[in-house]
Amino acid sequence: MSGEKDLDQLKKEAAAKAKAAALAKMKAKEQGEAQEESQSEDLDIAKQKAAAAAKAKAAALAKMKAKEQADAQEEGVPEDLDAAKQKAAAAAKAKAAALAKMKAKEQADAKEEGVPEDLDAAKQKAAAAAKAKAAALAKMKAKEQADAKEEGAPEDLDAAKQKAAAAAKAKAAAAAKAKAAALAKQAGGAGDDEKAKAIAAAKAKAAAAAKAKAAANAGGGAGDDAKAKAIAAAKAKAAAAAAAKAKAGGGSAKADPVEEKPSPNQPYLDKYMKVIEEHLGKDLIEDSYINRLSKDVPTIIAKPESYFKMAEFLKYNEQLGFDYLSELHGSDFETHMEVYVHLYSFKNSQSVALKVKLDRDEPVIDSLEPLWAGANWPECEAYDLLGIKFTNHPNLHRIMLGEDWVGHPLRKDYEPYDVEV
Amino acid sequence: MLRTEEMLLNVGPQHPSTHGVFRLVLKIDGETIVEAKPVIGYLHRGTEKLAEDLQYTQIIPYTDRMDYVSAMTNNYVICHAVETMMDIQVPERAEYLRVIAMELGRVASHLVWFGTFLLDLGATSPLLYAFRERESIINLLNELSGARLTFNYMRVGGVKWDAPEGWVDKVREFVPYMREQLKGYHSLVTGNEIFTNRVIGVGTYTKEDALNYSLSGANLRCTGVKWDLRKDEPYSIYDRFDFDVPVRETGDAWARYHVRLDEIEESLKILEQACEQFPAEGAILAKVPKIIKAPKGEAFVRIESPRGEIGCYIASDGKKEPYRLKFRRPSFYNLQILPKLLEGETISNLISILGAVDIILGEVDG
Amino acid sequence: MVEELLHSQAGILNFGIFFLLAVVLLFVILGFVTYAILAERKVMGFMQLRQGPNQVGGRWGLLQTVADVLKLLLKEDTIPKLADKPLFIIAPVIAFAPSFIVMAAIPFTDKFQFADLGVGLLYYVAISGLTTIGMLTGGWASNNKYALLGGMRAAAQMISYEIPLVMSVIGIVLLTGSLNLNDIVAAQENVWYIVLQPVAFIIFLIASVAELNRVPFDLPEAENELVAGFHVEYSGFRWAMFMLAEYVYIFAMASLTTVLFLGGWHPLFSFLGFIPGAVWFALKFMCVFFLLLWFRSTFPRIRADKLMEFAWKILLPIALANIFLTAIIKEILNLF
């Protein structure tokens, strides 16, 4: 569609402009600090400054919004909005500069902070970026609304374009800031940088999508102002939520499935599969995947015949060395039963989950007790509550319920033998 | 030659020093134990089966009753499991409240262990001193959550109630007071020859044994394995705090005693830092839906409770109740090594060994 | 006073006076036991940051023990079906009787004493050993594994600690030249034996705590370990007899310690001689008693094998060394 193409062009231009502006600002800030402190403090200061700037921007946005509301109610004249906005923008800039200077001074006096502060700052940065973007978006939208009022309904399309442009600009600004901050950072791991970038990108995308939707929904006319504010507020919230979510890590961007990051544990899973296939052959494993819901633990589903061999291999192989059994239990999944084993390797500091699917009517599987003595009682418990029989177990007995109990309670089709009890 | 017979002695289920309803069937030859068979299940309440019909928030009071001496960590493990599955970000203030509550619970739990361990060995006074300090902690947690033992404090996404006015200052004041008292315990008990005679070299096991039997917590750290989930797989905001992990090499009851008392000191450090960093305001519960539905899939998380590694496995099929809920209870795993430790020991050492493992029967049976 | 009575004519009147005096002493001792139990609970309570009994009999719980004894008297007298009935019934008597018998030989003041035996010290040690038989009998007759184990432990412990107990006192006997308790007290007019024989005092104190089956040596009645040891099957008044025996022995042992090491009824400084001897005796006795209570609330319990080791490998050699040293020093001083 032609609209899309225009959007792209506008985006590019706006992006370039914004990038330049942001980079210049960052450079200026960095130069200002470079003389005073050591390198690690630069990082903190930059972050703090960004935070302060964002805070100032947000404050300015709030003030601006309030002003807009007051103005709109009183006069409803677009020009005032414009003027007010420009004033607000200027004020915000000045405040940001002043705050940044003050913060720089504070940082100069303050002692060096430790790693927790980095994390704090990183989080703050992400939040700040989100806030900044929201502020910019809102500003842009208000401007567009004012313009739309002046020009009329057909300009909605323009407004949409402008909105998109603003979104792109904000995204670029955030991205640039993130990049600059990453440049200033010393330690802290590359993953964080990439994460931050991904955060910013995802956020911007989400915001753009939301904005486009909002633009489509917004009709022309007086309702636009209020709606615009509401939309801006919603976007800010969404941005904040996205920021928070992205902060949690895992690198999965919700807004865009195409951009799903490969899990950081995928190389481990690949390594395990490779080692297993090298030593034991190919057809021992039924399935293997990374369990994203469970802190990305590599999960291997073994076949019942090769379960013991697999477990033995996982324990004794030098490269894998899973010497600690963290958990063993069974579950009844109605079509089949499952035994879940969570292993940990102290040598490599890695976990792996080993599962095996069993026949529901005759759940029999090898016992892991010869490998890990700590599997003794958990297997008794699984036998007691689910009826899974473990062969080669030294002393399989009904550990919880006693030998007189009829039935296996954790099964889904369990009927208490004595219903009155 | 005199004909001697092996005697079958039953320790428990009602017994002053088995820390709950726990039965130990001993075959003794004079005063030496030939074989020891633990019998558990007296306190099995079917928490996991019950949980299959309850919503996640409704399960939280059940978790309190598992390890009833340190209920906060139990609350946390299930909230953490659900939050990991749903990828919920907990607000800052809630995280700090959680950490403070959990560390206070850890200190209280270790105080209970200290008092009861010494009571089993015959010294009646340290129990009362330990419980005096525990009373202060319980009062603090009472102000926070409304209950003294089963708090039901955490929720998926945060905590239920905010700290009342001035509560954090009270916690801050408690820390130096507790340090003083800890010094008192050391001077009363640690240097006492009678006590050291009963714990040094008693119930020793090696590092390989500890790893083989899936021991965790102080039972693992007393053999030289520096492993603490708060440091090695940090959850919540533990990576912001500066604390050490006490480790001993000898693997006997004496080492476990020291590890636990040093852990109290480390928890006090964490409390200090948490009170300092406590955010002045903020939300205490993230924006979570009213009825919590975990996404389809399964998750297993584990955290460090005072007794060891407590874990929670949830298999969910998208409904509001879990499909399968399983708790990895540390005392259950830690107790497995008891028969091995008791072979060849005298009955007097039985009490020291059982006490030093630090089990809570509510957790063993679940 | 009793001396004159002993040398006077035998007759109903004299017998009656003797009997009356004995009954008076019995009541005095029972009164002591009553308030010693209360004192123990109160003092231990205060040491553990709590108050002891404070409900029955006013703020100080003065009637608490009376209420407890009344309860014990009214309890059902349970005898296990398979218990050895005669032995079961007689065991508490065997345990309690010697504790009262030894009271006859202890001089409380120079006027108030019952029997001035030439071998007073030996008499005490010999008679107090009879209680062990009572505990063994009780453990055996209960037909209970726990009781048997407790009884065995009690026997082993008490026999082991008799020896350091006696050995530590031989140093005093050497210095005094007599086993007569009156002579021993008289010899402490200027300096108490605690100053002259400090090592002996420490050994005697430790051994006496073991003889009394008190913490840290209370293995026979270890509540936390094997439930209650040798008196687990006894309830009601029979159990009360065992407890009574223990407290009367505390009285006797504390008195003996005072007589042997703390100068009996002699004042601390001679210018304080206007305070009667009975008061001095009581004060010193109270100090020893308080020390025993203090031990109870502070120390954990010693393990059975360590207990034996301690008696035979540590206390006995030191006691023997003490005798040797005392003898050598006495000889050297005699030369000058």
Side-chain angles (χ1 to χ4, degrees), chain B residues 5-12 14-19 26 28 30-32 115-133 135 181 184 187-202 253 257 345-355, chain C residues 40-41 43-52 143-157 206 209-210 213-229 232 293-311 313-315:
Chain B
E5 244 177 44
E6 278 178 1
M7 198 160 85
L8 204 68
L9 193 63
N10 204 10
V11 179
Q14 293 118 326
H15 190 95
S17 45
T18 53
H19 303 279
L26 296 173
I28 51 176
E31 281 244 347
T32 327
T116 52
F117 185 52
L118 277 151
L119 186 66
D120 290 342
L121 295 179
T124 43
S125 306
L127 174 74
L128 288 137
Y129 303 146
F131 270 64
R132 173 193 55 188
E133 267 65 81
E135 196 64 25
Q181 302 305 320
S187 67
L188 178 65
V189 178
T190 309
N192 193 326
E193 269 284 322
I194 302 175
F195 173 70
T196 53
N197 262 330
R198 288 200 77 167
V199 286
I200 292 188
V202 165
Y257 168 82
E345 285 283 358
T346 64
I347 300 185
S348 333
N349 279 341
L350 159 74
I351 304 294
S352 313
I353 295 173
L354 185 58
Chain C
E40 171 156 36
R41 291 167 73 169
V43 168
M44 270 187 74
F46 282 120
M47 285 187 183
Q48 294 170 353
L49 307 169
R50 57 185 178 90
Q51 300 182 344
N143 190 38
N144 182 329
K145 289 171 202 162
Y146 284 113
L148 187 61
L149 268 167
M152 293 294 163
R153 277 187 184 169
Q157 180 181 312
I206 297 175
V209 174
N213 280 336
R214 285 184 69 84
V215 179
F217 301 99
D218 67 342
L219 226 42
E221 355 173 302
E223 284 153 13
N224 311 79
E225 297 198 15
L226 283 189
V227 201
V232 65
L293 295 185
W294 202 353
F295 285 168
R296 181 163 179 191
S297 39
T298 315
F299 293 127
R301 199 175 295 125
I302 293 190
R303 212 168 65 195
D305 56 338
K306 292 284 180 192
L307 198 140
M308 292 297 134
E309 208 179 281
F310 188 58
K313 291 194 201 168
I314 298 177
L315 285 186

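Values below: every heavy atom of this structure, side chains too, minus hydrogens, waters and symmetry copies. Every chain is numbered from 1 and lettered A, B, ... according to where its sequence line falls, protein lines coming before strand lines.
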Practice task
Would you sort out whether C/R301 and B/R198 count as a side chain to side chain contact (heavy atoms under 4.5 Å, CB included), showing the intermediate values?
Solution key: CA-CA 9 Å; C/R301 199 175 295 125; B/R198 288 200 77 167; 3.8 Å; yes
Exercise. Distance-only, no hydrogens or angles: does the C/Q157 side chain make a donor-acceptor pair with backbone N or O of C/F217 under 3.5 Å?
Worked result: yes
Review point. Are the side chain of B/S352 and the backbone of B/V199 linked by a donor-acceptor contact shorter than 3.5 Å?
Key: no
Honestly, the part of B/L188 sitting under 4.5 Å from a heavy atom of chain C is side chain
Would you check, one step at a time, whether the test side chain to side chain donor-acceptor pair (under 3.5 Å) holds for C/Q48 with B/T124?
CA-CA 8 Å; C/Q48 294 170 353; B/T124 43; 3.0 Å; yes
Whatever's closer than 4.5 Å to a heavy atom in chain C on B/N197 counts as both
If one checks every heavy atom of C/M152 against chain B at 4.5 Å, the contacting part turns out to be neither
